[in-house]
Structures are given as structure tokens and as C-alpha cells.
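Okay, structure first, notes after.
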Amino acid sequence: MNSSNPNPLKQYECGEFQFPHDAKHEYYDRHVVFDHVVSMDAASQRERFEAVARSLRDLLTQRWLLTKETHDKENPKRVYYLSMEYLMGRTLVNNIINLGVDKFVRDDLRSDPRQDWTDVIETEPDAGLGNGGLGRLAACFVDSLATLQIPAIGYGLRYEYGIFKQTINYGFQIEQPDHWLARPDPWEVTRRSETVQVPVGCRFGMEKGVLVTIPGHESKLLGVPYDRPVVGYGGRTINTLRLWGAATPDFFDFGEFSSGDFVGAIVDRLLAETVTRVLYPSDTTLAGQVLRFVQEYFLVCCSLADIVARYEKSNKDWQHLPDKVAIQLNDTHPAMAVAEMMRILLDHANLSWDEAWDLSLRTLAYTNHTLLPEALEKWPVRFFELICPRLLEIIYEINRRFLDDVEKSHPSDENRATRMSIVEEGPARQIRMANLAIIGTHSTNGVAKIHSDLLRSRVVHDFAEMYPERFNNKTNGVTPRRWIKLANPDQSALISEAIGDKWVTDLTEFRRLLPLVNDSDFIARFRKTKQVSKERFASWLKSALGHEVDPKSIFDSQIKRIHEYKRQLLNAIHIVVLYNRLRSNPETKMPPRTFFFAGKAAPSYRLAKLTIKLINNIARKIDADPVCHGRIKVVFLPNYNVSLAERLIPASDLSEQISTAGYEASGTGNIKFMMNGALTIGTRDGATIEMAEEAGEENFFLFGLTAEQVVSTRGWYKPIWHYENEPETRAALDAIFNDHFSKDEPGIFEPIRESLLLKGDFFMHLADLSSYTQTQQQVGQLYADSDAWTRRALINVATSGKFSSDRTISEYAADIWDAKPCPISH
Ligand code: 26W
């Protein structure tokens, strides 16, 4: 420690994070040696990573404490974001950037001869506590909340196993467990003293590998908070992400111990602790899973207990709850919060029903993230009876009063009441979580204009009619810190040189790039940054996975969860069309292209997994065919995650956003590509529509049926017509279904044939194929004119400012939460 400055951390309180010169390695060396009891030279890469992370945490600790103190003192309105998923990715590099110490880390630590710092940074496992877009959005949102200095806490679950690791074996997806917490995580701080209790109406047992409930015995779970710092850009506000881990009381059910079933009691306890063991790897259906239900209940119970404890510490009167607390429900997964909040206000605060309802309604808000009917959650009444019977009573009462209102506005309209009821009747009665969420909150929003419109007009039409003032849109955004500054240092540096660096916190600044579209020198430099990114990606790909790709070819990427509605299959069929053209005429003009795919399929989603197999088989065949060499290549990158997206997006020329119109709520990958200078080929769906609006449709490659056309065509659509009347469609499908790509696996793609040709092609691949193929041809033509291409790419970047999550969060803050920044004093 520097003796002339007894507290060198003091200077960090000003928010300018500069290491005292002579303390540069002090924290780091200390952590390596003393945390791990290992000499500097013998330390492993993992130990070095932990030491860097701990040094950085030391550096931000006082600021984190100061943020908390300031919030406690000033008692501002706080935002609480409840989400079952957070796809955080790596934390170290992000914190380095947001604290503004990247220069220090790069210039000093990276020059340490003992160390390859890139390797150390890459030693950190991704925190993959989510499936896809919804989880990554939550991660971008907490970044923006902290950057905008809005007092906020993100609540989630501390899954010990995140989204599975995907490997590819003979073209098949293999799932492996992701034990990301196998080593102690340097970012998390366990707050045992703030543990909360969660009452459960039953006990748990195990039958054939699934968790089952044992009725008749009440039990108790403990929620232990694990806090992680969320560093706002510039390091002024450091908010908290609080993840709950399940535990059981040390001396629980003492009677059982003394009655002799010692082993049984210990096993029970271990079972209860499985509640936060693993993330459910599905972004659609989860029918009838008790464990998932308990997870949702656990998140809600822990988070609301915590929120209420915080409120009671600084406030006496329940009447002010909505002035101090805004709770946002990320999809319906935490929708039980409606009933739990009522329970607290009725049973704990002893308010009347009407008072409680008014406060609860004004405190809670709900975001919908999908139009897929199978993803609208419904839970068996039986689960509520077993696990949280009091919440069920409250839901029934909410429903009774609600149906009274429906009856008043639409007397004797029984169909309407049946449609709108929270309870779905049937042999097994179910609770419709979306109905509960809409009825019990003051705001329901969709995540892109088209999505919010379709939500209102189709999915929950009756509710939009009854509560028009509750419905609104908040178009998604992503954080420019991670998705531009961190992921794309070359493009970032060039842009900052041209327009300064205010864009990092005000992305509308990007518009100032527009005049440079006609500056040929700048265009050349902009193109160079893309080329450098492509070369860097190609060399990583070679060393990490052994694939060789040509950085001069078009890098064409479709990276997202594998799902029928996202239509990876359309992309694959188009590749076969190109392949057939080359085979029938090797002279065919076609700019060289590398098609990248990456994405995970839910382990139980047969067709999605078969699509992965098809892509891999096509890749293998094309690789083996000399006619394709240097012309087309297909690469399926295994284990898609945040870190892979950070590598590939800056290196991509073309972004594939080709969902069946009306099915992609927003998309957020589409936005990341646009910001990083890729052009988009896409349908008029989700946020892509608004992106094209900003850039001008002439700078987009839009194709295919619109959402309205998808609906009006459905009635008479015949996929077989396309097969019979379009020679290229037919040839491509014949190649796939006659085992051209699966000589040793005859008939393997039969389920895809059935889905496309026999079962009506629900996602209308064939309806859009020819329009897609033609538009892809235009892509190729433009690419040949590299100046024209780059100008368009720059226009796209320049007009992407609207899609910063800072803008999105500012809108939530103004329109839904009424929350304001609370600057942290120096
Ligand atoms: C049954 C469990 C379940 C159901 C639905 C888990 C997860 C979901 C999500 C709704 C799936 C999801 O991630 N939706 C995506 O949300 C993004 C953020 O708003 C949007 O950009 C995507 O379009 C939407 O698919």
C-alpha cells in the first residue's frame, strides 16, 4: 500500500477510475498470491482471471456502496426489473469498459510478460442465464438503467447451470451441462443476512427423475441473495443485479430428525435446493412442469419480500408505494407478482381489497415478448393449490371482480367472459398468466410497433378494448457499450475520430456520420474496419475450430435460437438453390459467400434439431464438392452465446432476419448487426420494420409476405404448388429429400418434407422462397460494387441511433415508471 496515501481508493470516488501509479499491480498481485496461495509465476490462467476480476471489484466497491448510500438517503422512486432470465455474457471486459479503465488494462497489464491478457479475459465463462432475446434484453436494460443513473435492481435466479453447452456430433446437436459456477464467481457477493423465507404448501420428492409434490406437509424455502455489480458507463452509478439461490433452513423440520428419519430429512432438503439448480432450456412450451412453476413462484416471493422490506425501511405509509416502487414483469414468468403483491397488502399491511388493488395496479407493469400462442403461459390450478394456495384464493377473487366488470360492460356476453377469464375451464383447470398480468397491472407493452399492434388487434383484442389506456409500445434496443464499443473497437475508434465519443451514451449522435457517406476517403476507411474485423474473425475461427474461411467472401450470418418461425430452413433451402446452380453450370456468376449459422435448439424440439442436422450435412457436402470451392461455404458455429455474437456480428456483411412476418416480436440481433455495419435481408417483421424506416427502405433488402398477407394467404396457401411450379424450388427440395446430403442416413429429413409439403408449411417457407432468392441476387449484385455497399452500410450505422436501449429505457422511465435519475454525489 502506498504509505503517502493511506487510502488510495479515495480517489476513485470522483468517478475517474485511474489507478495510482505505484499501485498498478498491487491489488492484482495480492489477489493472485493471497487468494490462491500460489506464486505469481505458478498461477493458472483461471487464478489470474479471478485476481484481475477481484482487483476490479475492489476498485468499484466504494462506488457501489456510495450508490446504495445515496439511494437510501434520497429515497427516490426505484425500478425493480423481474426476469427469469439474464444473458449477461462476460462481466470482466464489460466492467473494464464501463469503468473507463480499458486503456490502463490494455497498456499496462497487457504488457505484463507473464500474461496474455486476451486469454485471461476469455477465461471467464459466459453467464448464460437465459435462452435468447428476452434474457439478453434484460441484460441490456440493466446496463442502460445504471448508465442513465436510474435507481434500479434487477431480480433473477442464480441458476447453477445456465443454458446448455451445445456441441455438434455427426451434425447432431448434443447438449452438455454448463456448470458455470464450478469455480467461485469473483463478481458475486453473498448477502446471507438478507435471506428471505418462502412458504411452500407441500414438500418435494423425486419420481423417475422429475420433481414431484408431496401434499399435506407445509415446508419452507430460503432465498439467499447473491449480488452482482451493474456498472453504468462512466462508473457513476453502480446498481445491483440480485440473483436468488434456493436453500433450506439449517435445522428445518426438527421433528423429523428426532423421529428418526434423518436420511429422509436430508434428502428432502437437497431436493428443495434443486429449485435454482438449472435454467429451463426452452423458449416456447414448458407444459406441466412443477419445478418451473416453483422457480417462478420463488423468484416472485423472494423479490417482493425484498422490495417490501426496502420500502418499509424508508417509508411509513403504504399509500406511497406506487410513488416509490415500479415493478416491471419481463413476460408473464413473474406474473404471480400480481397475486403476491395483493397478499402482502392484504395480509401483511392489512389494507382493504380496494386500497390494496389500487396500489398494486399502479406499482406493477407487464411486458409481452411473444405472439406465439404456445408460449403464452398457463399453469394448472392444481399447482397453485399445492404450492401457494393463498395466491390461488386471491386470483379467484381478482377474477370474480373482473368478470363482474365484464358483465357490467357486456351483459350476458358469455363467450367474452369465457375468453377473458383468468381461469380456463376444462378437465384440468388452468390459470392464464397473460390475462392475470394484463388485468393486474397498469401497463402492458409490446416490444416493437408491429408487435404491439398485433398484440392489441389479435392476441388480446378484448383486453385492449376494455383497457385501451393500458396498452403501449416500447421498441427494443441494445446497449451500445457492449454491442459497439466493446465488440467492435475498430469501427468505434474510427467513428469517435470522426464525430467524437458522445455516441457511447447518446446514440442519436450517429446521425452526424451521414454527411460522410459522400466522403470517399472515409468510406474506404470504414470498409477497412470491416475487413479487419473479418480477418480477425477468420483467424479466430481457424485457431478455435479449425475452419478456414475467405475474408473476401460475403460473410452472411443467421445467428439466433433455432425455431421454425425464424426460418433457418428458408436460408438452408436457398443455399441448396445456389448449390444446384453451380452444379448445373459452374460458370454461374455469384460472388463468393460464407454462410454462418449459430443457435441452439430446445432439447425437445425435434424439427429444430433436425434443421441443425440439415445445415451441417449441407455444409459437409458443399465442402467436399470442388465446384463450390471458393464460391460458397457453410459453417455451423457450435454453442452460440453472447461472446460468439460479439465476435461474429462486427465481422458480418449481411444479417439474415427472415422470420415469417408477424411472428418475431422484435428481434434484437437485427439491431446489433445494423449498428455494426451489416446490411439486412429481412421480412417486414419486428423491429426490422422500424430499422428500415430509419435507414430508408432503399437501404434494406426487404422481401416476402407482410404480416397481413400471411394471414390472408393462409386459407388457400398450397406449398405443393410451389414445388410443382417452381423448378428451382423443386430441385432444391428433391436434393434434400432424395438424400443427396444424407447418403448414409436415408430418409433422415423426412419430417421436414412432411412439415413443408404434407402438413401445410405453417411458416410459409415456400411462399417466400422465390422472393427471397431474387432479393439475395440483388445482395450479390450490390456487393460487387464495394463503394455502393459500404455507403449503404454507413447509412445503416448512422441511422441506428434509435435502437439504443438507453432510448428504450428512457421511454419506460417516462411513460410507465415515472422514474428519474438519481445522480450519485462525488
Ligand atoms: C415457456 C418459457 C418461455 C416462453 C417464452 C421462455 C421464454 C419465452 C420468451 C418470450 C422468448 C423470447 O425470448 N422472446 C423474444 O423476446 C425478445 C426481446 O423482447 C424479442 O426481441 C424476440 O423477438 C422474442 O422472440
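Note that the numbering runs from 1 along the sequence shown for the chain. Please read these numbers as outputs of a predicted model, since none were measured by experiment. Ligands are counted one by one from 1 in listed order, and the atoms in each one are counted from 1 as well.
- Checking His451 against Asn473 by side-chain atom types alone, no donor-acceptor pair falls below 3.5 Å.
- Inspection of the Arg481 and Asn94 side chains reveals no N or O donor paired with an N or O acceptor under 3.5 Å.
- At least one heavy atom of Ser282 sits less than 4.0 Å from an atom of ligand 1.
- For ligand 1, the polar-atom distance check finds an N/O of Gly667 within less than 3.5 Å of one of the ligand's N/O atoms.
- Using a 4.0 Å cut-off between charged side-chain N and carboxylate O, Arg277 and Glu273 make no salt bridge.
- Counting protein heavy atoms only, atom 1 (C) of ligand 1 is closest to Thr284 O, 2.5 Å.
- Asn131 does not count as a contact of ligand 1, since none of its heavy atoms falls under 4.0 Å from the ligand.
- The protein atom (non-hydrogen) at minimum distance from atom 5 (C) of ligand 1 is Asp283 O, 3.4 Å.
- For ligand 1, the atoms sitting less than 4.0 Å from at least one non-hydrogen atom of Ala665 are 23 (O), numbered in the order shown with element in parentheses.
- The shortest heavy-atom distance from Tyr565 to ligand 1 is under 4.0 Å.
- Those atoms of ligand 1 that come under 4.0 Å of a heavy atom in Val447, given as number and element, are 19 (O).
- At a heavy-atom distance under 4.0 Å, only side-chain atoms of His333, from C-beta outward, approach ligand 1.
- A parallel orientation is assigned to the rings of His179 and Tyr161, their planes being inclined by less than 30° (bins at 30° and 60°).
- The nearest protein atom to atom 2 (C) of ligand 1, hydrogens excluded, is given as Leu286 CD1, 3.4 Å; this is a heavy-atom distance.
- Salt bridge annotation for Lys609-Glu175: present, with a cationic side-chain nitrogen under 4.0 angstrom from a carboxylate oxygen.
- Looking only at protein heavy atoms, the nearest one to atom 19 (O) of ligand 1 is His369 ND1, 2.6 Å.
- The shortest contact between atom 22 (C) of ligand 1 and any protein heavy atom is with Glu664 OE1, 3.4 Å.
- Using a 4.0 Å cut-off between charged side-chain N and carboxylate O, Lys449 and Glu693 make a salt bridge.
- Salt bridge absent: Arg429 and Glu424 never bring a charged side-chain N and a carboxylate O closer than 4.0 Å.
- For a threshold of 3.5 Å applied to N or O pairs, the pair formed by Leu134 and ligand 1 contains at least one separation below that value.
- Screening Glu296, Gln289, Gln430 for a side chain to side chain donor-acceptor pair (under 3.5 Å) with Trp379, the sole residue that qualifies is Glu296.
- Using cut-offs of 30° and 60° on the angle between ring planes, the pair Tyr467 and Phe463 is parallel.
- Annotation for ligand 1: atoms under 4.0 Å from non-hydrogen atoms of Asp331 are 10 (C).
- Considering backbone and side-chain N/O of Ser666, one or more are found under 3.5 Å from N/O of ligand 1.
- Residues Asp768 and Arg567 are paired through a salt bridge, judged by an N-O separation under 4.0 Å between the basic side chain and the carboxylate.
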